[in-house]
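These notes concern the structure reproduced below.
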4 protein chains.
Amino acid sequence: MPNGVMKVETLSRREREKLRQRQEMLNAALQLFTEKGYHNVSMHEIAGKAEFAIGTLYKFFRNKEDLYRALVLEQSDKLHVALATAIGEPEDEIEKLNNYIRVKGEFFRDNYAMIRIYFAESHGLSFNLMAGLDAELRERYERFLALLASVFEGAMKRKRFRRIAEPYHLAVALDSMVNAFLFLWLTNPDRLHGPEVPGAILDIFSKALISS
Amino acid sequence: MPNGVMKVETLSRREREKLRQRQEMLNAALQLFTEKGYHNVSMHEIAGKAEFAIGTLYKFFRNKEDLYRALVLEQSDKLHVALATAIGEPEDEIEKLNNYIRVKGEFFRDNYAMIRIYFAESHGLSFNLMAGLDAELRERYERFLALLASVFEGAMKRKRFRRIAEPYHLAVALDSMVNAFLFLWLTNPDRLHGPEVPGAILDIFSKALISS
Amino acid sequence: MPNGVMKVETLSRREREKLRQRQEMLNAALQLFTEKGYHNVSMHEIAGKAEFAIGTLYKFFRNKEDLYRALVLEQSDKLHVALATAIGEPEDEIEKLNNYIRVKGEFFRDNYAMIRIYFAESHGLSFNLMAGLDAELRERYERFLALLASVFEGAMKRKRFRRIAEPYHLAVALDSMVNAFLFLWLTNPDRLHGPEVPGAILDIFSKALISS
Amino acid sequence: MPNGVMKVETLSRREREKLRQRQEMLNAALQLFTEKGYHNVSMHEIAGKAEFAIGTLYKFFRNKEDLYRALVLEQSDKLHVALATAIGEPEDEIEKLNNYIRVKGEFFRDNYAMIRIYFAESHGLSFNLMAGLDAELRERYERFLALLASVFEGAMKRKRFRRIAEPYHLAVALDSMVNAFLFLWLTNPDRLHGPEVPGAILDIFSKALISS
DNA sequence: GATGAATGAGTTTTCATTCAT
DNA sequence: GATGAATGAAAACTCATTCAT
């Protein structure tokens, strides 16, 4: 069962309280990690910001690494659930892609802090901050790429798209472009306005995929 | 004087020796940083691996940050010089792009360790490991993007390419795709063979840019 | 709140315990500093001698400098409070001077270790061990000299003493002599017995100040 | 033979050159020690300021301690030779004392830098910066005190001074007062003008020693 | 004989983690 | 069950001293 996805009503008051505390700790940690980086944040600092004693923090997370893992994995799950939904809902493939870009953009906008951590980790850019974390994230990411590839595959089968490349490669290409454009938008808003992102990307892809 | 660009013959034996030592230190550091991450590598460890005393390491680099900076900036310069040459030489635009992808691929293959550090830093994924480093790298990267954009611009002016998007946006799109494919190739060689990379990418781009 | 001036009964057991620990650390530090000198004593050594972990030492004193400052300032305050009382209580001026010499002597005897540090610092002999420390001590010292000078001033106004020199200069002269004699007594007890000190000094001063 | 006191003409060119180099090193060291304190000056810094290689510095002084010793002892010798001469020349005792105060004042004025080091060391205020140094200096100092005491002794024998205290104690008293006044003059020139020093001190002493 | 590159022991300080209260 | 005082391993960095050139 994905972390933290559980019917809330079944939890006792005690358990709900615990979950809330855990969330507060994770929020404090997220904020500090994004501001200052994993190694420049101390457990004391996190406990202080979350307004718990250091011992209490250690009751919830075995050690600093454990806390970090939980943080990254939960956010990653949130993103991938959102993306899967975004892709699943519409009928038309172009509409699926459009939806996926929009939802990813919203997530980036709302979780910019987290996003940077996620990328550093999932794309192997993090100096192996945590052994194995990349692998777990990479796996989640690959599942998503497969889903995206299946969209291309479907559209090709139905002759909606030309088979100009492997579906998986197209998925890689599209996702990397979306990331690049979203980063561009978030870091250089004057270079690229948010609403332009889907159009700019889809222009390129549809010009290539749909014979005129 | 540009970093490391100097006629080797003009150096005294002493100077050449120094340069060699410096290189050994940087190599040891690079290997350790990539294996374990900046914060998980101690100066003692680097000195040990390079087989120098800790004091000697500090003769060459004022502090750990200085060492890291040197590492990243030198590699970044090497890459960008190579890319600029690759783009500059051919006449035909498709050939320029082809050349750029090939050279970048070679650099990735030969410097995989470094590449990961470079990306983390230049794409703002590094939690501000070093104040200002990202800015310096970002600037170098932007200069390169402008060069790449000028290739699209030129080809559009000459009607070789359709104006399906801003040249700068196309540069961003292309570069992000190249990175994604190269990472795919290096991390999942079974998913994508090296020689296929240029073709796969150029297929998409030329289908989109050149009206059939 | 003045340093260390607080009704002891108002402190909780916890607080009293803390104060005791702090004292133990300061005592260990004082002993080591006097034996080996500030720069020849490491924080580890102090922690070891006080039988605390190094981390605990740093809980009480932000850094080595902070520890040293506390040491010197606390003792200086103790001395000056004692001297001010000694001078304030008697009516007769000769009695005031007598009292001051006696009290200072007792303090020297009981805190010989500290005294040497105090002198080095307050008389500018410390090579600026700590920026500003001398200034702070010098200021306390000047306040004391002014008090001592006022004794001479008063006695002169009442014609008890001849005005053979500026009151402030007499204060300087007297205090330096007292220090010299006390050091002589403490380092060469065979040259000068403790009980002789006040007499020896007051002989000189009264012969000069009181016309026969 | 006291350090460095030797007929210069008897030295070969080589030897004279060496002595000059040695002096340059000591001068550089003196300046740095006084500015920053023994422990805050590195041997490299001294070598650098004196414009010699570090190895050359070590040819002249076995180690840092040795260099420091040489520095302090030479200066101490210079002072004591000057004082002995000042006391020896005049016939009259008051004139001797006057001369001694004047010469000591000139030395303080010209060597303020050194003076502070000398005091810290010779008065045991230096945290035993160097084991044994204080003893050596103390011995020189005691020789001087004996000389000064003999002046009082002589004058008492000749009934020029009243025997109000032990001659040795008077020597201690006078010297401590001279030091105090000279420090006052050098650190607070507005509190006490240089030329006033001898008068202020002798006023007190002659009032006490010479019956009116 | 002079040089200065190389050495590594030693210093201050931080912070993850434990455990008695 | 929560707390936070105490711990001590480990890190970055300095500098007196040596010795090959």
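Please read these numbers as outputs of a predicted model, since none were measured by experiment.
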To the nearest Å, how far apart are [X] [atom1] and [N] [atom2]?
X: A:Glu45; N: F:dG4; atom1: CD; atom2: P; result: 17 Å
X: B:Phe60; N: E:dA5; atom1: CZ; atom2: C1'; result: 9 Å
X: C:Lys18; N: F:dG4; atom1: NZ; atom2: P; result: 11 Å
X: B:Glu51; N: E:dA6; atom1: CD; atom2: C1'; result: 15 Å
X: C:Glu24; N: F:dA6; atom1: CD; atom2: C1'; result: 14 Å
X: B:Gln21; N: E:dT7; atom1: CD; atom2: C1'; result: 13 Å
X: C:Lys36; N: E:dG10; atom1: NZ; atom2: P; result: 12 Å
X: C:Leu57; N: F:dT7; atom1: CG; atom2: P; result: 11 Å

When you check the phosphate oxygens OP1 and OP2 of E:dA2, does a side-chain N or O of D:Thr56 lie under 4.0 Å from one of them?
no
Take nucleotides 13-21 of chain E nucleotide by nucleotide from the 5' end and write B, S or -, depending on whether a protein heavy atom sits under 4.0 Å from the base, only from the sugar-phosphate, or from neither.
BB-SBB---
State, to 0.1 Å, how close D:Val41 and D:Leu32 come at their nearest heavy-atom pair, and which atoms those are.
CG2-O, 3.4 Å
Measure across B:Lys64 and B:His39 and return the closest heavy-atom pair with its distance rounded to 0.1 Å.
NZ-CA, 4.1 Å
Tell me every residue that passes salt bridge (charged side-chain N to carboxylate O under 4.0 Å, His left out) with D:Glu15, counting only those two or more places apart in sequence or in another chain.
none
How would you list, by chain and number, every residue that makes a salt bridge (charged side-chain N to carboxylate O under 4.0 Å, His left out) with A:Glu24, sequence neighbours excluded?
A:Arg20
Give DNA chain E the dot-bracket treatment, 5' to 3': Watson-Crick (N1-N3 with N6-O4 or O6-N4) or G-U (N1-O2, O6-N3) under 3.5 Å, [ ] crossing, | other strand.
.||||||||||||||||||||
In terms of the angle between their ring planes, are A:Tyr38 and A:Phe33 parallel, tilted or perpendicular, with boundaries placed at 30° and 60°?
tilted
Answer yes when A:Glu74 and A:Arg22 have at least one side-chain N-carboxylate O distance shorter than 4.0 Å, and no when they do not.
yes
Show me the side-chain donor-acceptor pairs of residues 48-56 of chain C shorter than 3.5 Å, one per line, residues at least two apart or across chains.
none

According to side chain to side chain contact (heavy atoms under 4.5 Å, CB included), who are the partners of B:Asn27, at least two apart in sequence or on a separate chain?
B:Gln23
Mind checking side chain to side chain donor-acceptor pair (under 3.5 Å) for A:Gln31 and listing every partner two or more places apart, or none if nothing turns up?
none
